[in-house]
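A quick write-up on the structure given underneath.
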Amino acid sequence: MRRHTAVAALLAAAVLPAGCAAPRSGSLGPAPTAPPPATTVAPAPPPTTAPPRPPAEPSRSAGPAPTTAAPARPRTVTVELWYVRDGRITPTRRTRPATVATSRLALTELAAGPTPVEAATGLTTLLAGGEVTGIADGVATVAPAPAGGDAVGRRLREAQVVYTLTQFPTVRRVRLSADPPVGRSDYADLLPPIVVTGPTIGERVTSPVTVTGTAEVFEATVTVRVLDAAGHAVATTFTTATCGTGCRGDYRVAVTYRVPREQAGAIEVYEVSADDGTRTHVVTVPVTLTSTLRR
């Protein structure tokens, strides 16, 4: 019996694979093992909507919004016109629309005569017509040439034309007939002792007002007064021209005045007589005085 049991144990040991111990349960067989965990797939996240983009900022490099250009002002030109007063020639100025034929415009205005305001100061014209037919080498040719009347009137007409045209840099002399060209020096004797070139008749002026011109007076001294609407002097000063007795010189002086309101007035330029101190060779230019002080 014991031999039989030992043989059975040896047979059981031979059946088991090497390295494996006999299970403790005996006849119940090996203990079951747990199944591998089930693999689960996570659901995909729901699709998301991208947030709206904020509005784009304007580019900082962009310039300002385009603006509509203001209409250009019409161009103008101011010409100097020499009229006649008391048997002498004297200047004023006129502003008109610009033109390429400035010399023709000047002669047209000269022949048309002074404005009512200018005529009230005694200005007149002796010129009836004329046109610049050409300018070459500083000489302007005028046709027809001023003619008619006595010698004095003819020279005054010629002086009007010569002084008016030689204001332009391209004209130094004027050909009025078949005779040689003439210039300002040929008619210098027709200028008054005091000429006022600024301000002009009817101009609106601001304090200080600048008074300019030429003079041939004793010791080159000219006096300037500013008169208000009542004719009272609101400012007085004097200056000297660049040349004295026996020659004509330029003068320029600024006069400061004060008036309570804008009003009609006048600029008066004269020489003080060395004999009795009276005002002589008086030139009166009516203007509008403003109450504004120019700084």
Side-chain angles (χ1 to χ4, degrees), residues 75-115 118 122-198 200-201 212-217 241-252 283:
R75 294 177 55 216
T76 58
V77 61
T78 299
V79 293
E80 188 176 78
L81 307 174
W82 287 79
Y83 289 116
V84 175
R85 179 168 59 199
D86 299 329
R88 303 292 181 100
I89 58 172
T90 189
T92 188
R93 290 196 296 269
R94 196 84 42 83
T95 299
R96 292 291 183 263
T99 174
V100 293
T102 313
S103 57
R104 177 179 298 178
L105 169 67
L107 284 190
T108 300
E109 292 289 331
L110 193 62
T115 65
E118 295 166 344
L123 294 186
T124 186
T125 185
L126 302 181
L127 188 69
E131 184 176 331
V132 177
T133 58
I135 300 176
D137 299 326
V139 176
T141 301
V142 175
D150 58 16
V152 174
R154 184 169 61 255
R155 288 197 73 234
L156 283 171
R157 283 193 296 273
E158 292 172 355
Q160 284 188 260
V161 173
V162 170
Y163 270 77
T164 296
L165 290 182
T166 52
Q167 71 181 288
F168 304 116
T170 55
V171 180
R172 297 188 301 274
R173 293 175 298 163
V174 180
R175 187 184 303 279
L176 298 169
S177 62
D179 298 329
V182 289
R184 288 194 174 195
S185 61
D186 295 290
Y187 302 92
D189 60 304
L190 295 180
L191 292 172
I194 296 177
V195 173
V196 179
T197 56
T200 54
I201 296 171
T212 60
T214 66
E216 185 179 347
V217 294
T242 55
C243 192
T245 307
C247 60
R248 181 170 294 274
D250 300 323
Y251 67 86
R252 181 184 185 91
V283 179

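Judged as a salt bridge (Lys or Arg N to Asp or Glu O under 4.0 Å), the pairs with a partner in residues 166-188 (not counting sequence neighbours) are, in order, Glu80-Arg184. For the ring-ring contact (aromatic ring centres under 6.0 Å, His included) condition, no pair includes a residue of residues 130-156, sequence neighbours left out. Pairs of residues two or more places apart, or lying in two chains, never qualify as ring-ring contact (aromatic ring centres under 6.0 Å, His included) while including a residue from residues 124-157.
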Fill in: side chain to side chain donor-acceptor pair (under 3.5 Å) assessment of Thr78 paired with Arg93
CA-CA 7 Å; Thr78 299; Arg93 290 196 296 269; over 6 Å; no
Practice prompt. Would you check, one step at a time, whether the test side chain to side chain contact (heavy atoms under 4.5 Å, CB included) holds for Leu81 with Thr125?
Written response: CA-CA 10 Å; Leu81 307 174; Thr125 185; over 6 Å; no
Discussion item. Apply side chain to side chain contact (heavy atoms under 4.5 Å, CB included) to residues Val195 and Tyr251 and explain how you reach the verdict.
Written reply: CA-CA 10 Å; Val195 173; Tyr251 67 86; over 6 Å; no
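The ring-ring contact (aromatic ring centres under 6.0 Å, His included) check on Tyr163 picks up Trp82, with sequence neighbours excluded. With sequence neighbours left out, Arg96 forms a side-chain hydrogen bond (donor to acceptor under 3.5 Å, both in side chains) with Glu109.
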Atom pairs and distances, side-chain donor-acceptor, residues 97-107, under 3.5 Å, sequence neighbours left out:
unit_1 : atom_1 : unit_2 : atom_2 : d
Thr99  : OG1    : Ala101 : N      : 3.2
Thr102 : OG1    : Thr99  : O      : 3.2
Arg104 : NH2    : Glu131 : OE2    : 3.1

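Side chain of Gln160 to main chain of Leu126: a donor-acceptor pair is present (N/O by atom type, distance under 3.5 Å, no hydrogens or angles).
Summarising the local packing, CG of Asp137 is surrounded by 12 or fewer heavy atoms from other residues, nucleotides or ligands at distances under 6.0 Å. Atom CG of Asp86 has 12 or fewer neighbouring heavy atoms from other residues, nucleotides or ligands inside a 6.0 Å radius.
Of all heavy-atom pairs between Pro193 and Arg88, the closest is CD-NH1, 4.2 Å. Between Ile135 and Ala140 the shortest heavy-atom distance is CG1-CB, 4.0 Å. The nearest pair of heavy atoms linking Ala215 to Ala241 is O-CB, 4.3 Å. Taking every heavy atom of both residues into account, Arg157 and Pro146 meet most closely at CB-CB, 3.9 Å.
Thr133 has its side chain out of reach of Val142: every pair of non-hydrogen atoms, C-beta onward, lies at least 4.5 Å apart. At least one side-chain heavy atom of Thr115 sits less than 4.5 Å from a side-chain heavy atom of Arg94. The side-chain heavy atoms of Val162 and Leu176, taken from C-beta on, include a pair separated by under 4.5 Å. You'll find the side chain of Glu158 stays beyond 4.5 Å of the side chain of Val182, heavy atoms only. You'll find the side chain of Tyr83 reaches within 4.5 Å of the side chain of Leu110, heavy atoms only.
With values rounded to the nearest 0.5 angstrom, Ile194 atom CD1 is found 11.0 Å from Thr90 atom OG1. The distance from the CG atom of Leu190 to the CD1 atom of Ile89 is 6.0 Å, given to the nearest 0.5 Å. Annotation: the span from Glu216 atom CD to Leu191 atom CG amounts to 9.0 Å, rounded to 0.5 Å.
Looking only at atom types and distance, the side chain of Thr197 has a donor-acceptor partner in the side chain of Thr212 under 3.5 Å away.
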